Q: 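First, the structure itself, so that you have it in front of you.
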2 protein chains.
Amino acid sequence: MAIIVDKDKKRRDIAGACNELLLEKGIKNLTITEIAKTAGIGKGTVYDYFSNKEEIVFEIIRKFIEEHQANLLGQSDKMTSTKQKVLYLFDFFLSEHKPYEKHLDVYREYLSVTLSTKSCPMLEFNRECSSFIREILDDIIDQGIKKGEIKDVARQLTDGLMKAERGYMVIAWAEGQDLKQEFKDYIDTLFDLIEIKK
Amino acid sequence: MAIIVDKDKKRRDIAGACNELLLEKGIKNLTITEIAKTAGIGKGTVYDYFSNKEEIVFEIIRKFIEEHQANLLGQSDKMTSTKQKVLYLFDFFLSEHKPYEKHLDVYREYLSVTLSTKSCPMLEFNRECSSFIREILDDIIDQGIKKGEIKDVARQLTDGLMKAERGYMVIAWAEGQDLKQEFKDYIDTLFDLIEIKK
DNA sequence: TTATGAATGACCGACAGTCGGTCATTCATA
DNA sequence: TATGAATGACCGACTGTCGGTCATTCATAA
């Protein structure tokens, strides 16, 4: 016989070895040759574990996003008001935190790829991400309603809010602007409409 | 001395000759060689009029968008209610019109490019497009307020609405879903909030 | 020894972009 | 009016890059 490697583990190892590289070079400027070199394997070997460049980039980015989601879950209960909780949910977009910048850059490129690929796993994963955020947001809103802070109609606005956030994000990129404050203002306006005044 | 051609005109001619080609092949699958062949010139000549592929693709798409904007202006006064006018403003996204499909596909790819380019003219043009829609939307809302159909607070929602539309569009693509109905529902909810009930 | 599968890097094709050269036109001059 | 020098439009062969492939080699278990 011959050596049998744990394909799944090696896959993760290769991807894991390239986290930094991806953040540093971005998707477009990342070459398979570099990936192979960084992972300490031959170029051909990369293709024994991934069927194309998109797949390996996706593997790395998925890890990034899943980590970020875990982070969200771990921190979200520190927030007090409903609005604060909502804002924190969109922290990835709103945060001014420096170290996040490279992640944001890569995510921008990822979105770009997403818009021109037909890769089903990618679309599927994006749906999962939406669902993840969606469930948390729905919870937050439910709690707010139960606490008597906001009106029932807020439930119907969650969908639009999530889409608006993505819209602000994409337009900020597509037009070379910083729209964080505008998004916060928009949330303020929404809350003015749904908050129960005392 | 020598022949002097109208550089601007020829630029437009080359771009104009490739409208159909771009719609047919999309941005990524369009090659400079094909562009040259279609325009009836040599490959090198393309580079006498455009500095790179992005530039020529941009030239073609800009024409598409400007035509669509002219269309919007020509048709918008046919609408009656404020909500109808708003919906029509987002017709490019909401329309089920078959012939628009290829334009939408190309626009999706254009947005994709937009998200990973640093090309200033492109970002600049995107800002102009936003302003164009923005002004019309503000007008529509103003008229609605004057007619007593909707509340003043609507003015503060226009920004978010425009972003939400783009969000629905992008997410629909990024998640492989059709979100037209969801967007319409969202608009319905917004109008419920801002409409002055009789 | 041998069968098996992992690993490899030389190789390939596609494509954006470059560059040295050609050719048609124009016009100054004899 | 004939000529030839100057100009710039035009061209496609060529280069460099990069994603992806495949024939071959190598290591190990039986």
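Below, chains carry the letters A, B, ... as their sequence lines are ordered, and counting in each starts from 1. Not measured: the values here are computed from a predicted model.
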Q: In whole angstrom, give the distance that lies between atom CG of A:Asp6 and atom P of C:dG5.
A: 16 Å
Q: Can you check the A:Asp8 CG to C:dA6 P distance for me, whole Å?
A: 13 Å
Q: Looking at A:Phe90 versus A:Tyr168, is the centre-to-centre ring distance below 6.0 Å?
A: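 When the ring centroids of A:Phe90 and A:Tyr168 are compared, they turn out to be at least 6.0 Å apart.
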Q: Rounded to whole angstrom units, what separation is found between the CG atom of B:Asn52 and the C1' atom of C:dC15?
A: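 Interatomic distance, CG of B:Asn52 to C1' of C:dC15: 14 Å.
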Q: When the distance from CG of A:Asn29 to P of D:dT17 is rounded to whole Å, what number comes out?
A: 13 Å
Q: Looking at A:Tyr47, I'd like to know whether one of its side-chain N or O atoms comes within less than 4.0 Å of OP1 or OP2 on D:dT21.
A: no
Q: Identify whether any heavy atom of A:Leu30 sits under 4.0 Å from a base atom; if not, whether one sits that close to sugar-phosphate; answer base, sugar-phosphate or nothing.
A: sugar-phosphate
Q: Is it true that B:Asn126 and B:Tyr110 share a donor-acceptor pair across their side chains at a distance under 3.5 Å?
A: yes
Q: Drop me the distance from A:Ile171's CD1 to B:Glu165's CD, to the nearest 0.5 angstrom.
A: 7.5 Å
Q: Can you sort out the partners of A:Tyr47 under ring pair (Phe, Tyr, Trp, His ring centres under 6.0 Å), two or more places apart, ordered by chain and number?
A: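 Per chain and number, A:Tyr47 pairs via ring pair (Phe, Tyr, Trp, His ring centres under 6.0 Å) with no residue.
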Q: Please report the distance, rounded to the nearest Å, between NZ in B:Lys28 and P in D:dC18.
A: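 For the pair B:Lys28 NZ and D:dC18 P, the rounded distance is 15 Å.
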Q: Could you spell out the base pairing of DNA chain D as a dot-bracket line? Use Watson-Crick and G-U wobble contacts where both distances are under 3.5 Å, [ ] for crossing pairs, | for partners on a different strand.
A: ||||||||||||||||||||||||||||||
Q: For B:Phe93, give me all partners under ring pair (Phe, Tyr, Trp, His ring centres under 6.0 Å), at least two apart in sequence or on another chain.
A: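 Partners of B:Phe93 by the ring pair (Phe, Tyr, Trp, His ring centres under 6.0 Å) criterion, ordered by chain and then number, come out as B:Phe183.
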Q: Assess, by modelled atom type and distance only, whether the side chains of A:Gln143 and A:Thr82 contain a donor and an acceptor separated by less than 3.5 Å.
A: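 No pair is found: no donor N or O on one side chain lies under 3.5 Å from an acceptor on the other.
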Q: Quickly work out the A:Glu54 CD to D:dC18 C1' distance and round it to whole Å.
A: 16 Å
Q: Using the rule salt bridge (charged side-chain N to carboxylate O under 4.0 Å, His left out), only one of A:Glu20, A:Glu109, A:Glu34 pairs with A:Lys25; which is it?
A: A:Glu34
Q: For the pair made of CD1 in A:Ile35 and P in D:dC18, what is the distance, rounded to whole Å?
A: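 Rounding to the nearest Å, CD1 of A:Ile35 and P of D:dC18 are 12 Å apart.
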Q: Could you pull out all residues at least two apart from A:Asp91 that satisfy side-chain hydrogen bond (donor to acceptor under 3.5 Å, both in side chains)?
A: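 Partners of A:Asp91 under the side-chain hydrogen bond (donor to acceptor under 3.5 Å, both in side chains) test: none.
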Q: Which pairs, protein N/O on one side and nucleotides 8-13 of chain D N/O on the other, fall under 3.5 Å?
A:
{"unit_1": "D:dA9", "atom_1": "OP2", "unit_2": "B:Lys7", "atom_2": "NZ", "d": "3.1"}
{"unit_1": "D:dC10", "atom_1": "OP1", "unit_2": "B:Lys10", "atom_2": "NZ", "d": "2.4"}
{"unit_1": "D:dC10", "atom_1": "OP2", "unit_2": "B:Lys10", "atom_2": "NZ", "d": "3.2"}
{"unit_1": "D:dC10", "atom_1": "OP2", "unit_2": "B:Tyr49", "atom_2": "OH", "d": "2.6"}
{"unit_1": "D:dC11", "atom_1": "OP2", "unit_2": "B:Gly42", "atom_2": "N", "d": "2.5"}
{"unit_1": "D:dC11", "atom_1": "OP2", "unit_2": "B:Thr45", "atom_2": "OG1", "d": "2.9"}
{"unit_1": "D:dG12", "atom_1": "N7", "unit_2": "B:Gly44", "atom_2": "N", "d": "3.2"}
{"unit_1": "D:dG12", "atom_1": "O6", "unit_2": "B:Gly44", "atom_2": "N", "d": "3.4"}

Q: In whole angstrom, what separates A:Glu55's CD from D:dG20's C1'?
A: 13 Å
Q: Hey, could you give me each pair passing side chain to side chain donor-acceptor pair (under 3.5 Å) that has a residue in residues 182-192 of chain B? Not counting sequence neighbours.
A: A:Tyr186-B:Tyr186, B:Lys83-B:Asp188, B:Gln181-B:Asp185
